[in-house]
Visitor: 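One structure, as structure tokens, below. Some questions next.
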Amino acid sequence: MPELPEVETIVRGLHVEIAGRILRDVWVRRRDLRLPIPREFPERVIGRRILAVQRRAKYLLFRLDDPLRADGTLILAHLGMTGRFAVQTPPFPELGAHDHVVFLTDDGRRTTFSDPRRFGLLSLGYSDRLAEHPLLKDLGPEPLDASWTGEQLLGKVAARRSPLKALLLNQSVVAGLGNIYVSEALFRARLSPLRLGCSLKLVEARRLVRAVRDVLQDAIAAGGSTLRDYVQADGSIGGFQTHFSVYEQQDQSCSHRGCPGVIRRIVQAGRSTYFCPACQR
DNA sequence: CATCACACCTGAGTGC
DNA sequence: TGCACTCAGGTGTGAT
């Protein structure tokens, strides 16, 4: 489900709600997510204070204080397709079959991690060794960082014979994009998802970088996109799904000024791609 | 490498 | 109502 804008929205909401709180108890009701939750998870986090909630790619990072380390422990979470975090205030609703982990905080509230499909994960790491973490070490640059440039992108894809769609989905090329925002960014950059990496010119790579950044920023400003499962930390839905230019817009006319094209849906590597064959070249 | 099929798992929607 | 089937914001593996 959640791509960078959805994760960023949830992270910001969680930071406001639970940063500064102490974890009084943690219930792991089901361990077998995409990766098993470590057995020592509760003992490692109970009693710790949440210092901050941050994001790297599509991972949520909960930084915890830790009297045993100069720079502490952290919880890594990935939402997969259907994962969600919800901060709840008493009286608490009954827990459901998909509420796999419950965090009780010292303010009397609780935060639940739910994930019907169990493609998500919860793991542990150390703040001072983030870059070496097995789940993070191969991730590419953050697209919203100023250090990610057209030159940087071109350096990664110039020798590749994969289509741009696949390259942008590849988290080691650039981190955080998923199926929605790849289609949307390629549309804004007027580049065909079928173009191969090795065909990209510098001006096009720069255009693509700008388009990726613009669409991600617009989506974050709208609180992300809700198709089916995604909700913000407070349970409200996102707003960007009404701004899609191409995603799930097949047979609609192209929204680029003066373009006579019609949006098409194709399948690349088993996943839907939406684009305008007329203006995306 | 690159591409594809397939796997993980559940729920929603559709057509008969 | 039931059943079969398709599809879904992700990621990883193994075959070719």
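Residue numbers start from 1 in every chain, and the chains themselves are labelled A, B, ... in the order their sequence lines are given, proteins ahead of strands.
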Visitor: Could you pull out all residues at least two apart from A:Glu184 that satisfy salt bridge (Lys or Arg N to Asp or Glu O under 4.0 Å)?
Guide: none

Visitor: Please list all pairs meeting ring-ring contact (aromatic ring centres under 6.0 Å, His included) that have one or both residues in residues 187-219 of chain A, counting only residues at least two apart or in different chains.
Guide: A:Phe187-A:His256

Visitor: Going by an N to O cut-off under 4.0 Å, is there a salt bridge joining A:Arg118 and A:Asp32?
Guide: yes

Visitor: Could you check how far NZ of A:Lys137 sits from C1' of C:dG12, rounded to whole Å?
Guide: 13 Å

Visitor: Using whole Å, what does the distance between atom C1' of nucleotide C:dG10 and atom CD of A:Glu3 come to?
Guide: 9 Å

Visitor: How far, in whole Å, is C:dT1 from B:dT10 if one measures between their P atoms?
Guide: 24 Å

Visitor: Looking at A:Thr112, A:Ile75, A:Asp25, which one forms a side-chain contact (heavy atoms from CB on, under 4.5 Å) with A:Phe103?
Guide: A:Ile75

Visitor: Measuring to OP1 and OP2 of B:dC1, would you say a side-chain N or O of A:Ser162 lies under 4.0 angstrom away?
Guide: no

Visitor: Is A:Phe119 stacked against the base of B:dC8, taking the criterion as centroid distance under 5.5 angstrom and interplanar angle under 30°?
Guide: yes

Visitor: Between C:dT6 and B:dA5, how far apart are the P atoms? Round to whole Å, please.
Guide: 14 Å

Visitor: Output all residues satisfying salt bridge (Lys or Arg N to Asp or Glu O under 4.0 Å) with A:Arg24, sequence neighbours left out; order by chain, then residue number.
Guide: none

Visitor: Counting Watson-Crick and G-U wobble pairs whose two distances are both under 3.5 Å, find the runs of 3 or more in a row that involve DNA chain C.
Guide: B:2-8 with C:10-16, B:10-16 with C:2-8

Visitor: Side chain to side chain contact (heavy atoms under 4.5 Å, CB included) with A:Arg34: which residues, sequence neighbours excluded?
Guide: A:Tyr59, A:Leu121

Visitor: Check each residue of residues 268-276 of chain A for a non-hydrogen atom within less than 4.0 Å of any atom in DNA chain C, then write out the ones that pass by number, or none.
Guide: A:Arg271, A:Ser272

Visitor: When you match A:Leu135 and A:Tyr247 each to their closest nucleotide on DNA chain C, which lands nearer the 5' end?
Guide: A:Tyr247

Visitor: For A:Phe119, what residues pass the side chain to side chain contact (heavy atoms under 4.5 Å, CB included) criterion, not counting sequence neighbours?
Guide: A:Met81, A:Arg117

Visitor: Report yes if a side-chain nitrogen or oxygen of A:Arg117 is closer than 4.0 Å to either non-bridging phosphate oxygen (OP1 or OP2) of C:dC7; otherwise report no.
Guide: no

Visitor: Quick one about A:Asn179 and A:Lys165 (side-chain donor to acceptor, distance below 3.5 Å, no hydrogens or angles considered), yes or no?
Guide: yes

Visitor: Measure from CG on A:Leu194 to C1' on B:dT3 and round the result to the nearest Å.
Guide: 14 Å

Visitor: Using distance only, find each side-chain donor-acceptor pair of residues 240-248 of chain A under 3.5 Å and give its atom names and separation, not counting sequence neighbours.
Guide:
residue: A:Gln241; atom: OE1; partner: A:Thr226; partner atom: N; Å: 2.8
residue: A:Gln241; atom: NE2; partner: A:Gly238; partner atom: O; Å: 2.9
residue: A:Thr242; atom: OG1; partner: A:Gly239; partner atom: O; Å: 3.1

Visitor: I'd like a list of close polar pairs between nucleotides 11-14 of chain B and the protein, N/O only, cut-off under 3.5 Å.
Guide:
residue: B:dG11; atom: OP1; partner: A:His98; partner atom: NE2; Å: 2.8

Visitor: Are OP1 or OP2 of C:dG10 and a side-chain N or O of A:His78 less than 4.0 angstrom apart?
Guide: no

Visitor: Looking at residues at least two apart in the chain, or sitting in another chain, which of them share a side chain to side chain contact (heavy atoms under 4.5 Å, CB included) with A:Val87?
Guide: A:Leu14, A:Glu17, A:Ile18, A:Arg109, A:Thr111

Visitor: Please report, rounded to the nearest Å, how far the C1' atom of B:dC8 is from the CG atom of A:Leu121.
Guide: 13 Å

Visitor: Please list all pairs passing the ring-ring contact (aromatic ring centres under 6.0 Å, His included) test where one or both residues lie in residues 3-39 of chain A, with sequence neighbours left out.
Guide: none

Visitor: Looking only at side-chain atoms of A:Pro163, point me to the closest of B:dT10, B:dT3, C:dT11.
Guide: B:dT3

Visitor: What is the distance, to the nearest angstrom, from the CG atom on A:Asn170 to the P atom on B:dC1?
Guide: 11 Å

Visitor: Taking CG from A:Leu164 and C1' from B:dT3, how many angstroms apart are they, rounded to a whole number?
Guide: 16 Å

Visitor: Classify A:Arg30 by what it touches in the nucleic acid, base, sugar-phosphate, or nothing, heavy-atom distance under 4.0 Å.
Guide: nothing

Visitor: A:Asp115 CG to C:dT11 P: how many Å, rounded?
Guide: 13 Å

Visitor: Should the heavy atoms of other residues, nucleotides or ligands under 6.0 Å from CZ of A:Arg161 be counted, would the total exceed 12?
Guide: no

Visitor: Nearest to the A:Arg265 side chain among B:dA2, C:dA8, C:dG10, which nucleotide is it?
Guide: C:dA8

Visitor: Taking side chain to side chain contact (heavy atoms under 4.5 Å, CB included) as the definition, give me every residue that meets it alongside A:Arg195, ordered by chain and number, with sequence neighbours left out.
Guide: A:Leu164, A:Leu191, A:Ser192, A:Ser199, A:Leu200, A:Glu204

Visitor: Verify the contact: side-chain N or O of A:Gln171 to OP1 or OP2 of C:dT11, cut-off strictly under 4.0 Å; return yes or no.
Guide: yes

Visitor: Quick one: A:Arg84 CZ to B:dC9 P, roughly how many Å, whole number?
Guide: 21 Å

